[in-house]
Amino acid sequence: MSDNQKVRFIIERQDSPDSKPYTEEFDVDYRPGLNVVAALMEIQQNPVTVDGKKVAPVVWECNCLEKVCGACMMVINGKARQACCALIDELKQPIRLAPARTFPVVRDLMVDRSVMFESLKKIQGWVEIDGSFDSVDAPRQNPYTAQVAYEISHCMTCGCCLEACPNVGPQSDFIGPAPTVQAYLFNLHPIGKYDAPKRLEALMQKGGITSCGNSQNCVEVCPKSIKLTTYLAQLNRDVNKQALRNIFNV
Amino acid sequence: MNTAFYLRRLHSLAGLVCLGAVLFEHIFTNSMALGGAKALDGALAMMELIPPLIFLALEIGAIGVPLLFHGIYGIYIALEANNNPGRFGYTRNWCFALQRWTAWFLVFFLIWHIGYLRIFEKGMNGTHISYDLLQSLFVGSPITACLYVLGMFAAIFHFCNGITTFCMTWGITKGPRSQKVVSVLSMLLCAGLCLVTLAFMSSYFLMV
Ligand code: HEM
Ligand code: SF4
Ligand code: SF4
Ligand code: FES
């Protein structure tokens with residue numbers, strides 16, 4: 001590998017939430033193991049485009065740098081994914097970066113994902129307790145579902161699945177796969193399950209689980225490999241049962 | 001009141017049960033054309049054995065109302081999607097987009113098909129639908145024949161892919177393996193029904 005090899009980035013930028021997007025191109029020195037976040041840090045240090053123009057540094061978000069916080073989600077070569085684990089070696093060049101426009105753009109690659117938090121409130125994405133238990137008295141996780149609960153609890157609200165889902169966006173009020181499937185996590189919890197009917201009711205409202213059209217993009221793109229479509233199907237069963245309970249008043 | 005939930009489930013049922021039955025009836029009756037004029041006219045005469053009032057009630061209750069509901073609510077559902085198979089080119093996502101594209105085509109096709117044959121010809125002109133009428137319609141205008149074949153293909157794909165999504169929507173198939181099995185089986189059904197359609201449609205041209 002020659003020392004002066006460059007990696008070309010074509011970045012879709014936007015100065016403010018309402019301003020018009022434009023693209024700028026940057027070259028970054030190649031080094032083994034380089035990923036998109038590291039390359040963006042290089043651009044931040046030396047924000048000069050390929051035409052030699054000095055510009056404002058590109059804005060994006062990141063925290064953990066190890067695929068656990070969710071912050072660095074963006075569209076890389078057309079696909080929604082985490083920038084911190086997108087290795088340059090595995091990407092087709094030039095590398096195209098764009099904000100995930102399912103969410104409102106704040107600036108450049110930075111988006112406002114707070115809509116997911118609002119959706120988690122709608123489905124009661126928490127467990128209702130007052131006080132705490134001594135560990136001996138605490139209700140135990142069902143050992144048969146603990147594995148599934150653990151898997152779903154990995155969700156980092158990155159929003160990849162919402163960006164990929166054709167039914168999430170300004171044209172629809174679907175809360176999207178991640179918050180929907182979180183309802184199943186809390187329904188599995190030994191205390192959370194008391195509120196399961198409430199969560200299922202929330203999923204039966206407009207914009208709930210019925211807005212899913214089974215395109216299965218979510219499960220393809222989830223960086224945490226959560227089996228979203230399997231739990232969506234399980235929740236479909238659960239809301240059907242809830243509907244029967246409602247109809248027959250049992 | 002969870003109206004969204006009940007409407008969506010009703011849309012799904014109307015599509016699979018009512019419209020699915022109509023589709024099978026259509027393919028079955030029309031495939032009689034393979035046996036020539038006598039066979040098709042015989043099959044059409046069999047249908048006329050149903051008393052007219054009951055037949056009309058069936059047409060309205062089991063076809064008209066479910067179709068209007070499924071079609072109109074379906075347009076609303078289709079407008080909620082931002083089809084993106086160009087960006088996310090997975091098989092199921094292509095099927096998702098095709099489900100919506102065939103739906104749009106069916107809106108125009110069914111308005112034309114039902115409007116012309118059922119409402120204008122049979123309803124207003126009192127024309128008797130027969131082998132000869134269909135043959136002159138298709139052979140006289142190959143474009144019409146092509147549009148009918150496309151309409152059938154669209155409806156068949158839409159219905160068969162609908163079986164796959166129906167099983168997901170109702171939580172019948174949960175894991176990827178069962179979903180895959182149903183999707184392969186329904187695509188085989190899709191291919192089979194399309195072949196039958198091609199066969200009976202081309203028979204009009206081969207038996208002139
Ligand atoms: C009039 C035009 C039509 C429109 C606009 C339309 C629209 C739609 C749409 C948008 C869906 C997807 C629903 C979802 O993802 O939840 C769908 C599903 C379906 N449609 Fe249609 N459709 C039409 C005609 C038909 C016809 C003629 C048939 C039967 C041959 C049919 C059978 C089905 C079935 C079985 C499903 C699957 C239901 C499910 O996934 O739960 N549709 N339709
Ligand atoms: S399966 Fe449902 S939730 Fe997942 S991407 Fe498709 S429409 Fe969205
Ligand atoms: S389900 Fe997966 S893709 Fe969706 S927000 Fe959670 S971690 Fe991200
Ligand atoms: S920086 Fe936390 S997931 Fe990428």
Side-chain angles (χ1 to χ4, degrees), chain A residues 75-81 96 98 100-102 160-174 184 200-221 227-244 246-247, chain B residues 1-13 15-16 73-103 158 161-180 182-183 186:
Chain A
V75 176
I76 302 174
N77 285 347
K79 295 242 164 22
R81 52 184 298 185
R96 290 168 192 276
R101 293 196 175 273
T102 283
C160 284
C161 55
L162 274 78
E163 171 69 15
C165 175
N167 276 357
V168 175
Q171 79 284 358
S172 128
D173 47 19
F174 184 27
Y184 187 50
L200 295 176
E201 289 288 336
L203 290 185
M204 288 157 82
Q205 305 297 317
K206 206 163 164 292
I209 192 168
T210 53
S211 291
C212 161
N214 303 306
S215 72
Q216 304 207 332
N217 283 354
C218 50
V219 75
E220 298 275 357
V221 300
K227 295 188 277 298
L228 291 162
T229 47
T230 302
Y231 306 129
L232 285 168
Q234 176 64 51
L235 283 165
N236 269 324
R237 278 185 199 178
D238 296 345
V239 288
N240 285 348
K241 284 189 208 142
Q242 184 63 35
L244 287 175
N246 290 353
I247 292 170
Chain B
M1 246 309 287
N2 304 335
T3 325
F5 172 82
Y6 292 107
L7 283 178
R8 199 77 179 217
R9 289 294 193 260
L10 222 56
H11 176 264
S12 173
L13 271 183
L16 192 89
Y73 196 61
I75 291 174
Y76 170 77
I77 295 174
L79 288 174
E80 275 194 334
N82 180 7
N83 297 315
N84 58 7
R87 268 177 76 200
F88 300 94
Y90 317 115
T91 314
R92 283 247 53 84
N93 195 31
W94 273 108
C95 290
F96 174 94
L98 276 167
Q99 186 77 2
R100 276 132 191 91
W101 292 332
T102 51
H158 187 93
N161 185 52
I163 298 175
T164 307
T165 56
F166 179 94
C167 290
M168 298 168 178
T169 303
W170 290 81
I172 299 165
T173 51
K174 187 176 146 184
R177 204 171 341 116
S178 59
Q179 293 178 349
K180 181 93 200 169
V182 171
S183 115
S186 60

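In the text below, chain A, chain B and the rest are named by the order of the sequence lines, each starting its count at 1.
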Take A:Val219 and B:Tyr90 through the side-chain contact (heavy atoms from CB on, under 4.5 Å) test and state the conclusion after the steps.
-> CA-CA 11 Å; A:Val219 75; B:Tyr90 317 115; over 6 Å; no
To the nearest 0.5 Å, tell me how far [X] [atom1] sits from [Y] [atom2].
{"X": "B:Arg177", "Y": "A:Thr230", "atom1": "CZ", "atom2": "OG1", "answer": "11.0 Å"}
{"X": "A:Ser172", "Y": "B:Asn82", "atom1": "OG", "atom2": "CG", "answer": "10.0 Å"}
{"X": "A:Gln205", "Y": "B:Thr3", "atom1": "CD", "atom2": "OG1", "answer": "8.0 Å"}
{"X": "A:Asn240", "Y": "B:Arg9", "atom1": "CG", "atom2": "CZ", "answer": "4.5 Å"}
{"X": "A:Glu220", "Y": "B:Thr91", "atom1": "CD", "atom2": "OG1", "answer": "8.0 Å"}
{"X": "B:Phe88", "Y": "A:Cys218", "atom1": "CZ", "atom2": "SG", "answer": "11.0 Å"}

Search all heavy atoms of [X] against all heavy atoms of [Y] and return the closest pair with its distance.
{"X": "B:Asn2", "Y": "A:Met204", "answer": "ND2-CE, 3.6 Å"}
{"X": "A:Cys165", "Y": "B:Asn84", "answer": "C-ND2, 4.5 Å"}
{"X": "B:Lys174", "Y": "A:Ala233", "answer": "CA-CB, 3.7 Å"}

If you tally heavy-atom pairs under 4.5 Å against chain A, which of B:Cys95, B:Cys167, B:Ala4 wins?
-> B:Ala4
Residue selection (most heavy-atom pairs with chain A, distance under 4.5 Å) from B:Leu7, B:Thr169, B:Ile77 = B:Thr169
With only heavy atoms counted, which part of A:Val75 is less than 4.5 Å from chain B, the side chain, the backbone, both or neither?
-> side chain
Side chain from CB out, backbone as N, CA, C, O: work out which of these in A:Asn246 comes under 4.5 Å of a heavy atom of chain B, or both, or neither.
-> side chain
Side chain, backbone, both or neither: which part of [X] has an atom under 4.5 Å from a heavy atom of chain A?
{"X": "B:Phe96", "result": "side chain"}
{"X": "B:Gln179", "result": "side chain"}
{"X": "B:Ser12", "result": "neither"}
{"X": "B:Leu79", "result": "backbone"}
{"X": "B:Tyr76", "result": "side chain"}

Over 12 non-hydrogen atoms of neighbours within 6.0 angstrom of CZ in A:Arg96 = no
Of A:Lys227, A:Lys206, A:Lys79, A:Glu201, the largest count of non-hydrogen pairs under 4.5 angstrom with chain B goes to A:Lys79
So which of A:Ile209, A:Asn236, A:Val239 has the largest heavy-atom pair count under 4.5 angstrom toward chain B?
-> A:Asn236
Taking B:Asn83 for the side chain and A:Pro166 for the main chain, is one N or O donor matched with an acceptor at less than 3.5 Å?
-> no
Could you name each residue pair satisfying salt bridge (charged side-chain N to carboxylate O under 4.0 Å, His left out) that touches residues 74-87 of chain B, not counting sequence neighbours?
-> A:Glu163-B:Arg87, B:Arg8-B:Glu80
Start with the C-alpha distance between B:Phe5 and A:Leu200, add both sets of side-chain angles, then the distance that settles side-chain contact (heavy atoms from CB on, under 4.5 Å), and finish with yes or no.
-> CA-CA 11 Å; B:Phe5 172 82; A:Leu200 295 176; over 6 Å; no
